[in-house]
Engineer: 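Below is a structure I'd like to ask you about.
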Amino acid sequence: MDEFARAVEDGLKLSKRLVLPGGLPPPRPPSGMDRTVSAAAAAGPDPRLLPTAPMAYAVVTDPGAVDTPDVPSYQPYVYGRLDPPAMIPLQMKEVDLAVDCALDAAHVTLRARWWLHCITRSRECDVRLVVPMGEQGSILGAEVTIGRRSCKTQVIEVEDRTVENHVNLESGGLLKPQLFFLTISQVEGGADIYATFRWSQKLLYDNGRFSVDIPFRFPYFVNPLPKVFMKREKIQLTVNSGFNKEVLLQGTSHPLKEKGRQGDKLSFMHEAVVENWSSKDFNFSYSVYSADLSGAVLVQPATLRDYDDRDMFCIFLLPGSGNRKVFRKAVVFIVDTSGSMQGKPLDNVKHAMSTALSELAQGDYFNIITFNDELHSFSSCLEQVNEKTIASATDWMNSNFVAEGGTDIMHPLSEAMALLSSVHDVLPQIYLITDGSVDDEHNICQTMKTEITNRGSKSPRISTFGLGLHCNHYFLRMLASIGKGHYDAALETASIENRILKWFGRASSTIVANISMDDIKHLDDFEVDSEYIPDISAKSPLCVSGKYHGKFPDTVIVKGYLADMNEISIELKVQHLKEIPLDKVLITRQINLLTSKAWLSANRQLERKVIKLSIQNGVPSEYTEMVLLETYLDKVDATQKVKQKLKGKKGPEERRIPIYGLKLGFGDKDATRENFITGFGDVRPAEKSVILKKASGCCSRLADCFCCMCCIKACNRMNDQCAIVMAQVCAALSCLGCYECCAEVCCGGSES
């Protein structure tokens with residue numbers, strides 16, 4: 001993201017040329033901030049220039065186009081082109097945020113209007129829209145309207161050949177995890193840009209409290225001058241807990257007023273004319289009153305548009321705010337130390353492991369296994385937790401966490417299962433952390449499934465954690481589902497430690513184990529989305545969903561075992577939903593679990609289910625893709641409509657532009673074998689299609705011209721970078737049969 005921050009930094013410098021209506025300059029930073037920014041710029045790109053709220057940028061390649069749209073500022077003309085382009089943040093005229101919280105998810109709709117205030121009306125430039133999303137954010141759709149042009153996203157099958165076959169990575173996708181962007185080409189200066197973005201994200205849960213956090217910190221430079229525009233800010237929020245229990249407001253970042261309360265549904269509103277846009281993230285937290293374990297069975301009938309004619313159910317359980325005893329546990333950590341883990345990934349894992357070990361309680365047992373081509377154990381048996389063994393384990397990690405060799409997951413898993421085979425009076429748990437994908441993943445799942453079935457209620461819980469983009473996240477999700485454990489992932493190096501600790505906290509805080517439900521066995525065609533029902537953790541709600549035919553009883557009894565091995569029964573009322581769109585709340589979870597099942601079974605019917613669900617709900621999947629449909633809404637009179645109908649035309653022509661980077665994929669075994677370390681969204685490998693840009697350090701003209709001889713003559717020098725790029729260009733030209741160009745490039749290079 002350094003390149004992004006540099007482009008914004010260049011854009012802010014360019015925007016100083018602007019003189020806004022009334023002869024006023026652009027907004028200035030708050031007092032003292034300009035000096036701080038200057039100091040940060042000396043050390044590199046300022047991270048504060050990265051988007052912390054929905055933003056729009058003018059992508060400027062020709063600095064001569066930068067001017068106020070209506071009144072020329074008569075600044076001196078600037079010659080040349082910018083490569084890479086500068087990005088000028090656009091001023092925002094209005095913003096409307098709507099948040100719907102239900103169960104453990106939030107659906108967010110953001111509407112905003114920006115003004116292309118920095119490009120003269122006689123010129124055009126691309127506009128990049130960037131939306132940061134919250135916890136586990138997943139884009140659901142976007143719509144953009146500029147004058148007579150309308151752009152909206154749509155999910156289609158991968159096999160659809162009508163999609164343009166050229167790859168333009170700048171058209172849209174993820175800049176990094178949870179940072180979605182779209183690029184709208186050739187927008188006229190002075191135009192208003194109306195945009196709507198929809199996404200889902202997880203509600204955070206901590207000690208009985210739900211909270212939603214949405215990036216909503218707008219920088220000072222997107223504020224239009226108050227004398228020019230009136231800024232109206234609107235925030236709407238609804239909470240629907242799904243329980244017939246009191247919802248208690250715990251805190252809010254913005255001044256929300258309660259507008260209505262109907263049963264367990266609450267609605268809030270904030271609307272005001274503001275001097276400056278919000279300078280803090282939007283946060284709202286609430287709790288559902290419950291002194292002990294509680295929950296409900298939520299059912300929703302199938303609709304005509306559903307791919308499946310069965311009804312949907314969701315069993316949702318809250319751990320409550322009571323102090324239930326956590327199970328004593330025997331823990332085996334399995335950590336990938338292959339060559340691809342070198343540097344920050346392994347360092348961050350080691351720091352997280354040290355903290356996790358310190359959180360184990362007296363009476364717990366543990367061991368650590370590292371694996372690459374070989375297997376190394378901290379001890380030959382399980383060690384009891386005390387200060388001495390934790391200190392020894394920390395020293396052992398400092399010496400043995402060395403990144404080298406390949407990846408073999410089956411061997412350490414079998415070793416961990418053997419270590420835990422003889423434990424008594426404790427809950428056996430395995431924690432697998434890896435960044436790679438291996439050939440025998442299907443065999444691992446089937447072997448572990450057999451082992452767990454044979455051991456019954458005493459089988460180890462298997463929790464999995466994926467690092468980066470090279471591992472098969474659907475394998476890890478399925479393995480955790482089979483093992484009644486928890487799955488999580490870190491797709492950025494900076495988030496590894498924090499996410500591992502949250503994952504470990506959830507998985508290690510079991511308060512009820514071996515969950516069963518007897519009252520639903522009479523239902524026809526009953527299917528649960530996950531392989532098994534996981535245990536109840538003190539640090540997260542339990543959500544189990546699926547499909548069924550028949551009639552649910554009025555109440556369902558959920559049974560399980562507490563840490564003292566006494567049985568507990570929880571009576572859950574069945575609620576027929578009207579207010580909560582259960583299919584929308586659960587769709588992302590459903591698609592992920594069904595995709596994992598389809599991967600494991602190689603079942604084409606399951607793949608078709610995922611495709612239908614994905615298209616029906618507009619949620620991208622591994623078997624579908626999102627495209628941007630661009631349409632020009634020309635005004636057509638009645639006569640023209642008749643002519644179009646006679647000619648067989650259905651309406652305005654659409655252009656489909658692919659959006660990339662929304663899929664995790666099924667792992668990269670080649671990258672794992674080669675021990676590539678660029679498996680993170682913030683450390684992506686260079687694309688072959690941009691090979692010429694590698695020479696930007698020696699000559700910016702090389703990216704615009706294949707005649708390297710001219711480039712080198714202009715620079716009057718050639719370094720190693722130039723030589724490498726010229727050799728690659730020469731090879732490409734010779735493959736294409738362009739021997740004249742190849743000779744010109746190579747000869748030009750040798751003469752210099």
Engineer: Is any side-chain N of the basic residue among Glu492 and Lys176 closer than 4.0 Å to the acidic one's carboxylate O?
Structural biologist: yes

Engineer: According to the interplanar angle, ranging from 0 to 90°, do the rings of His254 and Phe216 count as parallel (below 30°), tilted (30 to 60°) or perpendicular (above 60°)?
Structural biologist: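 Ring orientation of His254 relative to Phe216: perpendicular.
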
Engineer: Starting from the C-alpha separation in whole Å, work towards a yes-or-no answer on side-chain contact (heavy atoms from CB on, under 4.5 Å) for Asp96 and Arg232.
Structural biologist: CA-CA 9 Å; Asp96 181 347; Arg232 184 173 294 278; over 6 Å; no

Engineer: Near Lys152 NZ, under 6.0 Å, is it more than 12 heavy atoms from other residues, nucleotides or ligands?
Structural biologist: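 Atom NZ in Lys152 is not packed in, count stays at 12 or less.
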
Engineer: With sequence neighbours left out, write down each residue that passes salt bridge (Lys or Arg N to Asp or Glu O under 4.0 Å) with Glu143, or none if nothing qualifies.
Structural biologist: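 Salt bridge (Lys or Arg N to Asp or Glu O under 4.0 Å) list for Glu143, sorted by chain: empty.
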
Engineer: Evaluate the side-chain contact (heavy atoms from CB on, under 4.5 Å) criterion for residues Tyr57 and Met55: first the C-alpha distance (whole Å), next the side-chain angles of each, then the deciding distance (0.1 Å), finally the verdict.
Structural biologist: CA-CA 7 Å; Tyr57 302 89; Met55 296 282 291; 3.6 Å; yes

Engineer: How would you list all residue pairs meeting salt bridge (charged side-chain N to carboxylate O under 4.0 Å, His left out) that involve residues 181-205, not counting sequence neighbours?
Structural biologist: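 Qualifying pairs: Lys93-Asp192, Asp104-Lys202, Arg113-Asp192.
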
Engineer: Can you give me the closest heavy-atom contact between Ile214 and Trp199, atom names plus distance?
Structural biologist: CG2-CZ2, 4.0 Å

Engineer: Provide the closest heavy-atom pair for Pro51 versus Val130 in the form atom of the first, atom of the second, distance.
Structural biologist: CG-CG1, 3.6 Å

Engineer: Parallel, tilted or perpendicular: which fits the ring planes of Phe284 and Phe282, with parallel below 30° and perpendicular above 60°?
Structural biologist: parallel

Engineer: May I ask you to decide whether Arg149 forms a salt bridge with Glu630, counting only side-chain N to carboxylate O separations under 4.0 Å?
Structural biologist: yes

Engineer: Please list, chain by chain and in numerical order, all residues satisfying side-chain contact (heavy atoms from CB on, under 4.5 Å) with Thr61, sequence neighbours excluded.
Structural biologist: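 Here the qualifying residues are Arg81, Pro85.
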
Engineer: Does Leu298 reach the side chain of Leu103, with side-chain heavy atoms less than 4.5 Å apart?
Structural biologist: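 The answer is yes; the side chains approach within 4.5 Å.
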
Engineer: Val99 and Gln236: side-chain contact (heavy atoms from CB on, under 4.5 Å), yes or no, with the steps?
Structural biologist: CA-CA 6 Å; Val99 185; Gln236 303 171 77; over 6 Å; no

